[in-house]
Structure formats: structure tokens, C-alpha cells
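Notes follow the structure.
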Amino acid sequence: MTATNWDITELQGSPRRQQREKRVQAVVFSAALVSILLSVMIVGSLGFEAIRYITEVDLSRLWDRGWFPRNGVFDLKTLIVATLWVTLIAMVVAVPLGLSAAIYLSEYASVRARKVLKPVLEVLAGIPSVVLGFFALRFINPNLVESWLENANSSGNMISAGIGVGILTIPLVASISEDALSSVPNALREASAGIGARKLTTTTSIVLPAAISGLVAAFIVATSRAIGETMVVFIAGGAADTALFASNPADQGLTMTAAMASLAAGSDEVVGSGLAYGSLFFVGSILFLVTMGLNVLADRLVRKYRLEY
Amino acid sequence: MAVATPTTVRDTASIAESLRRKRDVKGVAFQAMMFLSLVITLGVLVVLLFTVISDGWPVLSQRLGGFLTSTLRPDAVDAGVVQGLKGTFYLCAIVAIVAFPLGIAAAIYMEEYAPQNWLTSFIQLNIRNLAGVPSVVYGILGLTIFVKGWGISSITGGSSPLAGGLTLSALVLPVVIITAQEAIRATPQALREAGFGVGATKWEVIKDHILPYAAPGILTGTLLSIARAAGEAAPLLLIGTISGIITRSAPWYDVTQVQDRFTAMPTLITSWAVQPDTGFSVENAAAAIVILIFFVILLNSAAIMLRNRFESKRSG
Amino acid sequence: MKLRFLLTPMLAFALIAAACGGSDDAGGSGEDGEIFVSGSSTVEPISVRVADEFFKTNPDVNIAVNGPGTGDGFKLFCDGETDISDASRAIKDEEASDCEENGINWVELKVGIDGIAIMSGPGNPIECLSFPDMYSITSPEAEGVQNWADANELNAAVGGSGDLPDAPLTITAPGQESGTYASFIEIVLEDLLEEREQDITTRFDYQSSANDNIIINNISSDDTSFGWVGFAFAEEAGDSVKVFSISEEEGGDCIAPTAETIADNSYPIARDLFIYVNVDKAAEKPLLAEFVDFYMDYGLTTAVTDSKYVPLDDAAMAETRAAWSGR
């Protein structure tokens, strides 16, 4: 053959090359399928035991005087009220601070200030939750909560835990809110300034309303995160493995997550007999469904503002 | 806006005059308030660091070396964290080995190969949802599948670093995928076209052009995931770590310890923090926290610096 | 390049894991050098000290000790997952039959004595409580009682003085999985429960924890709280809690728990501490047998006293050693 005589297959690549293409595609596709497998495993590992639990449990025991899994008393309102208190307090801390930080960073801070401040916020975001738990128990509870409220439980309570969870979620609120604020087109700000509005008016009447779906998303994601936070409440919530129903946030409280951790903590795996073991999966399922619902909702809102601008 | 439609006739000069004279008190106050919130937030970080360092100071100043090298012991003054460090090291190593290749491969598929169909959008939705699942739920996954799962438990050895590492891999996988996807999406289209133009196959373009370009972004995500895995305690509580004593501390290089009973830094901190014996609950727990935070902040800062450097390089 | 760099160690790792996995059994305590002890958190400190000391002369052994509670410990023990089960009460019939079903043979070894301390917060004015007093606030009949005074009617009915103070009552104590819980029922409540035809249990509506330290934390935070833990933990807590003197009958002698009163049986709420050893595993694993041998020496003496429990008297100690050598 002469050099000028090209075979068309050579242009399409050697069979080996093409085979490798197929192999690679198969590998990366199966990697993507692993995420589906994960979801299936999560739902499976939760659902199987949870369904068995709900069919075996005496339903009247789900509305009783407290959470005593080893005695067969599984009062859900004890866990739900504690979860709501902790989440509410966390949001009272995280939303104003996180949103203000986001407004400052997006609307006021100079480029140089942003360069310093944002990484510091990100460092705060990286602090492990056990550390916040320790901080809430050893600093926030004695120095803040107990000095305001004399009857606050000194071995931990829902207020301290809530503040700890709140601190943990500030960076999350700040980062999602800032994304939402900075995706508001500059044209809106310029138009507002052009007709003589002050910075304050522009921020509160133009930018914030324009970013509202993103800000709501930030709030929802943070709520979901606070509901799912375990270690802060486990360490600083003050409740032992069981809890009587308590509606006062200055008392010790057992959230859904802390109840799960308590069933497991200090033991080598979770052994516990029968229903106590099942309750772990039942509470886990509720937690899974609630947080997933919130996340899907937030996801829709985020995509909404992405579409708008 | 009221200013835009003046009811009284004023010339522009007088408007400018009045604006100059009247200071925007509300605006300044608002800005100050926003700034104050940021300062409070950062102040919390400072107070937190100060609290743990001062609580842990007796240990950090007097016996840091011993604390880092001794094992779990009955008395607080002898106890150390070396087994926790090894446990956490192996957990992170397993996350790096399992979650990173998987996550990056999945991201490559989603960005470069996936057709636009229902399956792709389902996978994408699924990944986003997985990222929001609470860590304690991943603990349940680990307990049922990796610790007790039929057949799997004989490979992981029950409550072992391997079971924990696989659980944490599942936990960080969605985050790894999402950050890697963002990094890959940020590579210029021209890079692909140039590659295809010279006859490279899709995989060759990905391997030789896209991945190197996206590497810093991917690396940032992976570093953040490692930091997250190092600090997670809730899944490990469900998997079951030892808090009483483990006498042997296998050498660092001995990989067979991934199948043994273990403890890790976050679980050590948890079990120490809730004891009333202040030797454990304050001094040892705080010192262990300082060590854990040190590594986590180191990883986070590396990730942030890496990202900032490449961001400014590309945009500049 | 990049991917190959990541994939190679992953593959190597998987191979190593698989290779080791083949030879290892699921419990992880099958090899000779591996000893796994679980069970009572009350006995845990003794076993931790024995393990710590034994390791000094046997650096090849790997002993892991955990303390989830006596009941959970027996569950693991009878599943064959642990070599030794710490227990702060004797094994129950249903637990023993669990073990039998699974073909687990064991020997029971008494290692020390622990008093149960009945406590409140440091400012509590009460000095002495009787069994009827405790019955009237902790029995199933007391469910819902959240003030000491609310229990007075019941208190008088079961032979108490009926003059408990008007103060809020919060109870924190070990949970069902704990040996301390079972011992409290057996010693303090059982007679009265039977007399009044009640279930052999406590009221369920109190805070419970497997971690004695958490219990002490909760009790010490409230001056009118009530709870019980092992004497060792109460003594360690020092002045942060108030430990009551106890009399069996109303108006009887009030005895405060001390090492002496517990050892000579004059303090009424004391219990024996045990370890249960899987004898088949001890036969298979020389190091496990050696460890228990060491337990019979160092464990019964130094470890027990260092953990602030009361050692057995000479006769009981000889009995325990005989039980081990005659297994």
C-alpha cells in the first residue's frame, strides 16, 4: 500500500480505541447508578424495619407520656415538640445573622473585605458538629442560658442545643442567601439608584423582594439541616436515653435525631430487643421523609430564581 | 418612587443640595446592623476557638506528645487519642479511595455522557436529595448494610473502620458528585471542540483536557468532603465504636486494622464530653477537639485557598 | 493518569480487604489474640483496668471493652459475639435459655460488690429514706407523680411516714437494659410489689440512661431530684450529689453507704458484680483463659478497689477462683 491510500476505518479509530470508549462509558454510567443504588439501600434499610415496627407496635403507645423505647412507650409528640423547639430556636439564631451577613457581603462589602470575610464564614461552616455540641454544653449553657433563665437545666436543655444548631446553620443560610442576592441582576440595582433611591431602599425594596424565592429556599434548607442535626442535641440537649414529655425549652429535650443516637450510643451497635430496635428505623423514616420533603421544596424554589434571571 | 415624581417644583441643584445635607441615618444604621451581625457570627468562631483551647490547655501545654501517642486508658491523665487518630485516618482514607473515584466518575457521566432523558434527570434529582439526607440516617444505612448486612459483614468485620468508611463514603458521595459536576461544567466548550478537532475520542478529551482543567475544582470538593468525613460522629455512633478500652494500637501502616473494632476522634469527643469526670469531659475532650479542629480547618483552608487561586487566575 | 493513580490503591485495598475477610469471622473475636468484653457499664471500669494491666505483660493481645448495659451485653454474649460479658446482676432465665439455644456455655464469676447509692441534688434537706418511701415514688403505682408530696397517700399506705415534702420530683436512673435497674427492683421494690400484686417493674415515666455519668449530671442539677446509681459513681461525684442514708423499715436504722457497710452487708442496697466467660472460647483461645486467670488475681483485688468497688471477702474470693478453675 502507498502512503496516500487511507483506509476509512483508520479515521474512525482502531477497534481497541472504540472498545475502550465503550468500557469507559459503561464504568462511568455504573458509577452514576451507584447513587440510585444508595437511595434504594437507604429506603430499604429504613423501610423494612420501620414497617415491621408499625405493624407490631400498639398504636396507642405512640401518643403517651414520653419516649421510653425499652418500656414500649413511644410518644412521638415528645420527640416532635423537642425537634420543633430546637429547630425554631436554631432558626431564630441563624436566619437574622445569616441573612444579615449575606446582605452585607453581597450589597455592602468591598471586594477586599469579601475576600477576607467569606473564607472565615466557610471555616465556621467546616466546624464539626460535635465541637458545637461541646461548645453549647460547656459555654453557651452555663454562660448564656443559665444566666438568663434560672430554671434552665444545667446538664443541657433545648435552648442551648438550639443555639448550638443555629450557629452551625448560620454559614448555610448566609451562603444560599448570598447566592440568591448576587443572582439579582445589577440592572435592577442601577435602575433603583438611577431614580434616586438610597442604598437602603434599594436593598430592602428591590433586591430582597427580587431574591425572595432564594431566601425562602435558604430558610427551608437550614430548617431541614437543623431538624437533621444530631450531635449538638445529643451532647447539649441534656436528655438521657429517654425523656418525659416537656414543653418548656429550658428543660432537657430529646429530638428525633438525639433519640436515634441515644438508642445507639454507648452500646456496641444497637442491640436492644424487639420494638426498641424497630423504633430507631421508624423515627429514621420520619426524619428521612420530612427532610426530603423540605429539600425538594427548596430545590424547586432555587430553580425558580435561576429561571427568573 | 416619590423622588422620581416630585409634586413641588424644585430644580435639580436644590435636590442635590438637600441630599448632601441630610445624612442617610437609616441607611448607615442598617449597614452597621448588617456588619454587626457578621461580626457577631465571626465573634462566635473566636469565642468557640478560645473556649476549646483554654479548656484543653492543661493537656495541650503539659502532655501534648503523650496525649497524641497514648491509647485509651482507665484514668484521664494517662488517656490519649492515638487510636482515635488512626480510626479517623483510616475512615478518611477509605472515603478517599471509595467516594472520590465513584463520585468523579459519576460526575463525568452526568456532564459528558448522559443523554437528556428522564433517567438522567431522575439521577440528578436523586443526587441532590441524597445530599440533604441527615447524617444519622446514613448511620442506619451503615448499620443495616455494612455492619450487619448478610455477606457484607464478613468482609467489613462488623463495627470496623471499613464499615464506617463505606458509610461515610455514601454520606459524602453526593457532595463529591455535585462539586465535581460544577467543576467539569466550568470547563470551556472550546477545550472539547479542540480535542475532538484533532481526532481525540471522547474519553481522551475527558482524560487529557477536561479533567486536568477541572482538577482544582474537583480537588476543592474532595478536600471539603474529607474534612466533613473526619468530623462526622452521628453515623459512627450507630455503627458502634468502642469507648471503654482497646488495648492494642496497631501501627499506622497495618491496613488489617480496617476490619477491627475501632474508635474515632468524633466519637471519642462525644463519649468524653458527656462524662462528669472533668479530666475526661473538659480537658481531654477539649484537647481532642483542638486536634480535630486543627486538621479540619487545615483541610478547609487548603480547599478555599486552592479555589480562590484558580478562580482569580482564570478570571484574571 | 489521574484516574489510574486513584484506582490502583483502591484495587489493592479491595484485594487486601477480601483476603483478610476470608480468614476472619464476622464477630472479629475469633482469633486467639482478640478478646471482646461487653456488658454492664458498672463492671466496665474493672474490666478496663484488668485489660489495661494485662496488656502490659501481653502486648500481642487486643482487648476491647465496651459498656452498653448488662441486658444488651447478654444479648451479644448469647449471640456468640463477645468472649466475656460484664454483668451487675445474675443472668436471667430467658437470657440463659437464649445462650443454650445458641450453644453458648458459660461460667459465672463473682468479682466484687457494689452498693447502690440513692441520691438527690446537693441541697436536698432529707437525710434518710426508707424502702416504703422509695416504693411510693418509683413503683408503677407512682406513675405520673411529679411532686414528692403527691406520693404521700401511697407512702402512708405502704408503711411510710406519709410526710414527704412539697417539692418537684424528677427522677433520673438507669434504664431497663441496666443491671443497676434490675438490682434496684429486686432489692428495694420486689417485696412490696408482690405484696401489692403489681408487675415487677418500676414506673416507666422517668429519665433513663445507660451512662451513669449522665444520670449523675442530671441528678446534681436539681436539688429535689431523685435517682440511683452504683456506689462507685456516687462516690466519684463527691459533693455534687447528696447520697441518702437508707433504712429498710420506716423508723429503722439509717445506714449510709460506705465501703465497710457494703462489705459487711449492713447497708441494705448492695449487689454482686459478675463476669460471664464463654468457656468454649476460653478452651479454644489460650490468651482468653490467661486473661481470665489474670482477672481472678488482679481483677478481684486491685482493679475492684481502684474502680471504687468493694472487694469480696476471702471465702467468696476463693469460691470464685474455684468456679473458674473447675469450669
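Of the two parts of A:Ile36, the backbone and the side chain both hold a non-hydrogen atom closer than 4.5 Å to a non-hydrogen atom of chain B. Looking at B:Leu119, the atoms closer than 4.5 Å to chain A (heavy atoms on both sides) all sit in the side chain, from C-beta outward. Residue A:Ile42 touches chain B through both its backbone and its side chain, counting heavy-atom pairs closer than 4.5 Å. Using a 4.5 Å cut-off between heavy atoms, A:Thr203 touches chain B through its side chain atoms alone. The parts of A:Phe281 that come within reach of chain B are both its backbone and its side chain, each placing non-hydrogen atoms under 4.5 angstrom from that chain. In this structure, chain A has no heavy atom under 4.5 Å from any part of B:Ala303. Only the side chain of A:Thr230 has a heavy atom closer than 4.5 Å to any heavy atom of chain B. Neither the backbone nor the side chain of B:Ala227 has a heavy atom closer than 4.5 Å to any heavy atom of chain A. Proximity to chain A is absent for every atom of B:Ser271, based on heavy atoms less than 4.5 angstrom apart. Of the atoms belonging to B:Ile40, it is side-chain heavy atoms, and not backbone ones, that fall under 4.5 Å from chain A. Proximity to chain B (any heavy atom under 4.5 Å) is shown, for A:Met41, by both the backbone and the side chain. Contacts between A:Leu294 and chain B at a heavy-atom distance below 4.5 Å are absent for every atom of the residue. For chain A, no part of B:Leu36 is nearby; none of its heavy atoms comes within less than 4.5 Å. B:Glu232 does not touch chain A: none of its heavy atoms, backbone or side chain, sits under 4.5 Å away. Contact annotation for B:Arg128: only side-chain heavy atoms (C-beta onward) come within less than 4.5 Å of a heavy atom of chain A. Neither the backbone nor the side chain of A:Arg225 comes within contact range of chain B; no heavy atom of the residue lies under 4.5 Å from a heavy atom of that chain. Contacts between A:Thr204 and chain B at a heavy-atom distance below 4.5 Å involve the side chain alone, from C-beta outward. With a threshold of 4.5 angstrom between heavy atoms, B:Ile304 approaches chain A through side-chain atoms but not through N, CA, C or O. Neither the backbone nor the side chain of B:Val39 comes within contact range of chain A; no heavy atom of the residue lies under 4.5 Å from a heavy atom of that chain. Of the atoms belonging to A:Phe29, heavy atoms from both backbone and side chain fall under 4.5 Å from chain B.
Under the 3.5 Å distance criterion, the side-chain polar atoms of B:Asn126 are matched with a main-chain donor or acceptor of A:Ser35. Checking side-chain atoms of A:Asn295 against main-chain N and O of B:Gly132 turns up a donor-acceptor pair under 3.5 Å. Looking at A:Glu21, its side chain does come within 3.5 Å of a backbone N or O of B:Trp203 through a donor-acceptor pair.
In this structure, the side chains of A:Glu122 and B:Asn300 stay at 4.5 Å or more apart for every pair of heavy atoms. You'll find the side chain of B:Gln31 reaches within 4.5 Å of the side chain of A:Tyr104, heavy atoms only.
Interface check for chain A: of the options B:Ala286, B:Pro174, B:Ala285, B:Gly139, the most heavy-atom pairs under 4.5 Å are formed by B:Ala286. Chosen from A:Ala102, A:Ser100, A:Ser30, the residue pairing most often with chain B at heavy-atom distances under 4.5 Å is A:Ser100. With chain B as partner, the option from A:Ile170, A:Val283, A:Leu33 having the largest number of non-hydrogen pairs under 4.5 angstrom is A:Ile170. Ranked by non-hydrogen atom pairs under 4.5 Å with chain B, the options A:Pro119, A:Ala298, A:Pro171, A:Gly133 are led by A:Pro119.
Interatomic distance, A:Gln25 CD to B:Ile108 CD1, rounded to the nearest 0.5 Å: 12.0 Å. Between the CE atom in A:Met260 and the CG atom in B:Leu238 there is a gap of 6.0 Å [rounded to 0.5 Å]. Distance check: A:Glu49 CD to B:Leu143 CG gives 9.5 Å after rounding to the nearest 0.5 Å. In this structure, A:Ile167 CD1 and B:Thr41 OG1 are separated by 9.0 Å, a value rounded to the nearest 0.5 Å. Between the CG atom of B:Leu237 and the CZ atom of A:Phe234 there is a distance of 5.5 Å, given to the nearest 0.5 Å.
Other residues, nucleotides and ligands contribute only 12 or fewer heavy atoms inside 6.0 Å of the CZ atom of B:Phe295.
Shortest non-hydrogen contact noted between B:Ala233 and A:Val130 is CB-CG1, 3.5 Å.
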